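Following: one structure in structure tokens, then a few remarks.
Computed from a predicted structure; not experimentally measured.
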Amino acid sequence: MAEIVVEPFVSFVVERLGNLLIQEHRFLHGVRAQVEQMQKELGRMQCFLKAADARRGEGDELVSNWISEIRELSLDAEDVIATFVIKVALRRRGRIHHMLKRYFCIFSESRARHTVGLEIENINKKITDLTRSLQTYGIQPTTALGESSTSRFERVLQLRRSYPHVVEEDIICLDEDVKAVVDHLVNETKNCRVVSILGMGGLGKTTLAKMVYNHIDVMHHFDCFAWAYISQQCKTREVLEEILIKLISPISREEREEIEKLKLDELSEKLHRVQSEKKCLVILDDIWEGEVWDRLRPGFPNTKTAVGSKILLTTRKREVAFYVDQQCYLHELRFLTEKESWKLFQKKACLREEEFRLSTEMTVLGKKMVKHCGGLPLAIVVLGGLLTTKRTLGEWENVSRNIDYLMKGKGQGGVPMKIVLELSYNDLPYHLKACFLCLSDLPEDEDIRPIKLIQRWMAEGFVSLPVGARVEEDETMLDVGLSYLDELRHRCMIQVGQLTRYSGRVKFYRLHDLVRDLCLLKAQKENFFKVVLMGEDSATASSTTIRRLGVYYKANRRRGHVKALRIDETCNLHHVRSCQFYFFGNRLGDSKWRHIKSIFKGFKLLTFLDLENTKFSGENKILPKAIGNLIHLRYLSIRGSEINGLPSCIGNLGFLETLDLRVRDLLTIPNVLWRLQELRHLYIAWISAECHGLRLDGLSNLETLEGFDTGKFDVRSFSTLTNLRKLGIDVKDAVKDLAVILESPSFSTSNRLLRYSSFIIRGSYQTREEQSILRQVLGYRHLHKLDLRGSVTELPLPDAFPPNLTHLSLFTSGLKEDPMPTLEKLPNLRSLAMNGEWTEMLCTAGGFPQLIHLDLSCMHGAGWRVERGAMPSLLYLRLNYRGREELKEIPDGLRFVTTLQMLEIWCASQELKDRLREGGEDFSKVQHVYSITFP
């Protein structure tokens, strides 16, 4: 497989030029034909790239030069058009209707068109010359990639080829994995035809498969065995022949020759028959594509005809495992702990020799290097191999200083570690390669927020609805981006970092250290990004063309593990498309903030700008007016920052798709948001008191609206927000505001677009009209989160609550009766917070089946009873008793809530604290709780 990375960027540019022809038709009058010609030429160039791929290995340096030239030409083409649009748009924006100035603008536009026309012609000529150059070297265009003739990767695949009799030495920490896999293979009650081992490259999939293959229980259970190494270059007939011969061995030469003469369908039928007559175990090691299984499938019986035959496969892709069998048992390998990693390293580095003892300094240094391996067994083996002959502290220090050897060293079977991981990268579809490289500017161990990452991809044009594919009516670009993330995760290129407490969705992802190293290596090689430093520890500046920036403020190079540059006037910023700032908790003084604001003037083509967590030591905290000239900007975030004001020129950002204004303090917002007609995602937190009547009317593309405050915004805007998918709203007047909002098209019973809504509703719910409004809100199936604040005398019946409600807060007064009989019947409730003056509360068996988090305030502990079987999923309980007396008792039934992990009790009496401590009278109620605190 070839290592072409630039082809996706040419593809993206061709697509974006098409979008520009549609979106900017009013600006491109006079040069449209030339732009279309350039788009066609670049489209043809994609075909030459695919043909060049087959020539890898025949003068790689020459092909790499071609690729580099094509990349720069395609990006230059996009820059030319985008720059021209800026010139025309800015002139038209400032146009005065005085006749003389009008003629001057027309003259200026004509001159700009003439200039851009010459630039486009120049680019087209370069593309034509490059096409001739490719043809001169015998490369003809092709529309299909076909099989690459890359000899280097064929050699790597051969080195990676696995053999079941070669079991790695010094295996560690796989006993439980072996037990689980063997159990699903030999236990007939499991009724499991296919067992799949999943994990990223180097995690030990093949090692585990070999241990299972040679396990005594497996050997006794099955009649015959076959091991086939599949790889990315699967030759169907050879694999089927290999499996059949092994299953019926020993065989004579005549029988082997007879098998070789069989037609493919006859070969598949014979293999199928053997597995139907005997208990066979076939291991398919390193299977990459579902299409490969489609070719092998005829040779394998299904569950009904298999007579106990099983398949064990290893793969890096989750979807491949389930493609082979939807009912398969999937065993996902984990990374080693630090303790396990150190133990494996010691074994591999031969540190068990009695005559050799590690000094304290070598132990500290060794553990530091092992930590860099991130628990990946192959990386640890590589490192151990490097150090196996080194016995002095100086030699270890030298390896530590050059830890990047890890990526170049020899892995299992003599395979370079870097190439082992490259196999996964090179197998990515072209659009996922670009998406993956977007992670290259992240600092080490940075959390990756899914939605933010997707919105960046969208801003850079890396996400698009599939051409020709059937698209669901309500499918959005965000949905497509989520599918991209899922594919990267299923291919083990990214890891789940943390799940959300209540929904189980991914809160953030992480990059394994070695995968990050690979990402950095690829991105730097392709000039995909540059990390620049502001503040201390700055390196020499560069005048190379930069299109993506990661700006580190006062971060040493070691923290980022990247070669960083100093950002100053010598840097060519006119081509920058993406800029992400990382402040690492540091505060900006006025001079540094002025420096950053001055940089904006050079970002003419910027589409993505991230200023999250900007903190200031000075007084000037307003976003600069220069932001209004970045008319190509599609993403702007000041989330978590101390920025407290936006300029009115932010309304000029007509292409803006994502605007994140969730700042730390009150934010002054000019009444111009309604002008952002392309806006799709708007997030707001705290708005200054001087803002009121903010308009959003006309934002028909808006899909996400969080933080809509009816006291600050014009609620009449809702009638034009017809495309909402997610809504978070704070209602100040329960009757007046809600009446207007609920009449909007988004809340129509025929509307199926709105998927998730969250309401904070303040007010009284005493009158018939108020109760009617509340019942209407509760009637929406898309309501997932509800916060009621005010006076409520009684709760609606359980059936009146929305079935999808997961979060409920009741900060109300007037409710005297026990609310638990109603609330515990809500089937999907995961979080409940409430206060009240109830003297009696009862949680019955089976109540609150999904509740994870419970926060009770102003409650009487003596009056709360919990039956066995109540709250079977509860993890966190917070009791905040703020009565006249301290809390003296907790329910005896908490002893039955065995899932409880954290208990937090406010205003607990000393008597209660003593009784709950180990050995205390009530310790048996909470002895299963992991953490008990008394703030």
Restricting to side-chain hydrogen bond (donor to acceptor under 3.5 Å, both in side chains), what partner residues turn up for H215, sequence neighbours left out? none
Taking only residues two or more places apart in sequence or in another chain, which ones pass salt bridge (Lys or Arg N to Asp or Glu O under 4.0 Å) with D217? none
May I ask you to test the L313-I283 pair for a side-chain heavy-atom distance under 4.5 Å? no
With sequence neighbours excluded, what pairs up with R237 under the side-chain hydrogen bond (donor to acceptor under 3.5 Å, both in side chains) test? E241
Identify whether the distance between the nearest side-chain nitrogen and carboxylate oxygen of D441 and R456 falls below 4.0 Å. yes
Please enumerate all residues that pass side chain to side chain contact (heavy atoms under 4.5 Å, CB included) together with H184, with sequence neighbours excluded. K190, V195, Y329
Side chains of F529 and L439: closer than 4.5 Å at any heavy-atom pair? no
Only counting residues at least two apart or in another chain, list the ones meeting side chain to side chain contact (heavy atoms under 4.5 Å, CB included) with S483. V480
Only counting residues at least two apart or in another chain, list the ones meeting salt bridge (Lys or Arg N to Asp or Glu O under 4.0 Å) with D223. none
Would you please classify the geometry between the F225 ring and the Y213 ring as parallel, tilted or perpendicular, with 30° and 60° separating the classes? perpendicular
Residues passing the side-chain hydrogen bond (donor to acceptor under 3.5 Å, both in side chains) test with R295, sequence neighbours excluded, are T236, E291
For R318, is there an ion pair with E332 - N to carboxylate O distance below 4.0 angstrom? yes
Using salt bridge (Lys or Arg N to Asp or Glu O under 4.0 Å) as the criterion, list what pairs up with K452, not counting sequence neighbours. D610, E612
K261: what forms a side chain to side chain contact (heavy atoms under 4.5 Å, CB included) with it, not counting sequence neighbours? none
Set of residues satisfying ring pair (Phe, Tyr, Trp, His ring centres under 6.0 Å) with respect to Y756, sequence neighbours excluded: H784
With sequence neighbours excluded, tell me which residues meet side chain to side chain contact (heavy atoms under 4.5 Å, CB included) with R273. E269, K270, E277
Output all residues satisfying side-chain hydrogen bond (donor to acceptor under 3.5 Å, both in side chains) with R297, sequence neighbours left out; order by chain, then residue number. D294
